[in-house]
Amino acid sequence: MVQNAKTGTMIETPEREVAVINQTFCDMFDIPGPPNQYVGLKSNQLFLSHAPMLKDPARFLKTVESTVYSKESIVDEEITFINGKIYARDYIPIYEGHVYIGHYWEYRDITEKKKAECDLRKANKKLEMLSMKDGLTGLNNRRSLDKQLEIEWEYAQKEKEPLSFLLFDIDYFKAYNDTYGHIQGDECLKEVANIAKSVVFDEPAFVARYGGEEFGILLPRANQYEAIKMAEAIRQQVEQRGIIHQASDVFKCVTISVGIMTVVPSENIPPISIVHQADQALYEAKRTGQNRISVYSHHKEADSNV
């Protein structure tokens with residue numbers, strides 16, 4: 001059974017002499033056959049002469065010695081060869097009753113299994129990345145924004161630094177869709193997304209499509225003045241792009257309204273509050289005329305319009 005096994009098998013005596021060795025074991029370690037000629041030889045002679053084919057021969061030899069010394073079973077210990085092969089090694093001390101009579105080694109080729117696992121991890125990573133992206137604009141999506149907000153909130157809280165959030169949407173976007181159709185509406189969303197990306201290109205900003213015609217920008221370490229400056233740059237560039245919007249009651253080209261919230265995070269404030277307050281500021285910008293910026297105030301909600 002051992003001689004015909006597809007796993008590399010070697011059994012040693014307590015004195016580390018080879019008692020049984022099969023052809024698969026010899027093939028794995030590039031030991032010239034037939035295997036029976038090695039019966040009676042010290043097993044460490046085989047390992048020493050063929051250890052260079054291992055990725056870390058010194059570690060391999062050390063673990064063999066320590067394993068034999070401890071006489072504790074080991075299962076699925078991974079061994080990597082320089083040719084790229086990966087083997088799982090088992091070690092079992094052999095007892096007859098209470099008498100220790102030898103060592104059992106078994107090596108299984110798991111190269112393809114490890115490759116499949118690696119490919120699966122890459123595929124899952126790709127799927128995870130795709131799940132964090134908005135399919136239309138290529139921006140981060142709301143899910144990824146929520147995760148990034150938690151990260152930046154924790155950092156800003158620890159460092160006692162400001163964190164700003166911009167929430168903006170396209171004015172009269174429903175009317176735009178009704179007038180020009182949803183395909184053109186999608187093109188409009190992509191154009192606005194590209195403008196936002198271009199404005200924040202050199203900044204440590206996290207831009208996301210928040211949903212529908214809404215976009216969010218997280219600005220770590222940005223104070224209120226810097227957030228307003230960023231928002232105004234985006235607002236101006238959208239207006240100057242001159243995307244025709246005859247159905248708009250504020251301007252005959254596409255415009256945006258922006259709500260801004262800046263805070264130094266603390267433990268008693270939930271991260272999502274920055275989004276809610278930016279949303280309130282956005283509502284105020286809409287209420288007071290659109291195509292403008294509104295900043296949330298703790299004292300009077302959204303009382304500062306730009």
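All values reported here derive from a predicted model rather than from experimental measurement.
Applying the ring-ring contact (aromatic ring centres under 6.0 Å, His included) test between F168 and each of Y210, Y283, F215 identifies F215 as the sole match.
A donor-acceptor pair shorter than 3.5 Å can be found between the side chains of N140 and K133. Side-chain contact of H245 with Y172: a donor-acceptor pair under 3.5 Å is absent, judged by distance alone. Residues R209 and T137 bring no donor and acceptor atom of their side chains to less than 3.5 Å of each other. For the residue pair Q236 / E232, a side-chain donor-acceptor distance below 3.5 Å is found, with atom types taken as modelled.
With a 4.5 Å cut-off on side-chain heavy atoms, R89 and V64 count as touching. For the pair N36/I21, no side-chain contact is recorded, criterion being any heavy-atom separation below 4.5 Å from C-beta on. At a threshold of 4.5 Å between non-hydrogen side-chain atoms, the residues T9 and W105 do not count as touching. At a threshold of 4.5 Å between non-hydrogen side-chain atoms, the residues C188 and Y176 count as touching. Side chains of L219 and E226 form no contact here, defined as non-hydrogen atoms less than 4.5 Å apart. The shortest distance between side-chain heavy atoms of T255 and R235 does not fall below 4.5 Å. Using a 4.5 Å heavy-atom threshold, the side chains of L136 and L189 count as touching.
Between Y107 and Y87, the ring-plane angle classifies as perpendicular under the 30° and 60° cut-offs.
Other residues, nucleotides and ligands contribute at most 12 non-hydrogen atoms within 6.0 Å of the NZ atom of K115. The local environment of CG in L120 is crowded, with over 12 non-hydrogen atoms from other residues, nucleotides or ligands closer than 6.0 Å. Crowding of K113 atom NZ: a count of heavy atoms from other residues, nucleotides or ligands under 6.0 Å not exceeding 12.
A salt bridge links K114 and E117; the closest N-O separation between the charged side-chain nitrogens and carboxylate oxygens is under 4.0 Å. Between K286 and D169, at least one side-chain nitrogen of the basic residue sits less than 4.0 Å from a carboxylate oxygen of the acidic one, meeting the salt-bridge criterion. Electrostatic pairing of R108 and D76 counts as a salt bridge here, judged by a charged N lying under 4.0 Å from a carboxylate O.
Of all heavy-atom pairs spanning I256 and V192, the tightest one is CG2-CG1, 4.5 Å. Nearest heavy-atom pair, I86 versus T111, reported as atom, atom and distance to 0.1 Å: N-OG1, 2.9 Å.
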Quick one: side chains of residues 151-163, donor-acceptor pairs under 3.5 Å with protein atoms, not counting sequence neighbours, listed by atom name and distance.
from : atom 1 : to   : atom 2 : distance (Å)
E152 : OE2    : Q148 : NE2    : 3.0

Test side chain to side chain contact (heavy atoms under 4.5 Å, CB included) applied to E15 and K42, step by step: CA-CA 8 Å; E15 293 76 28; K42 291 286 187 180; 3.9 Å; yes
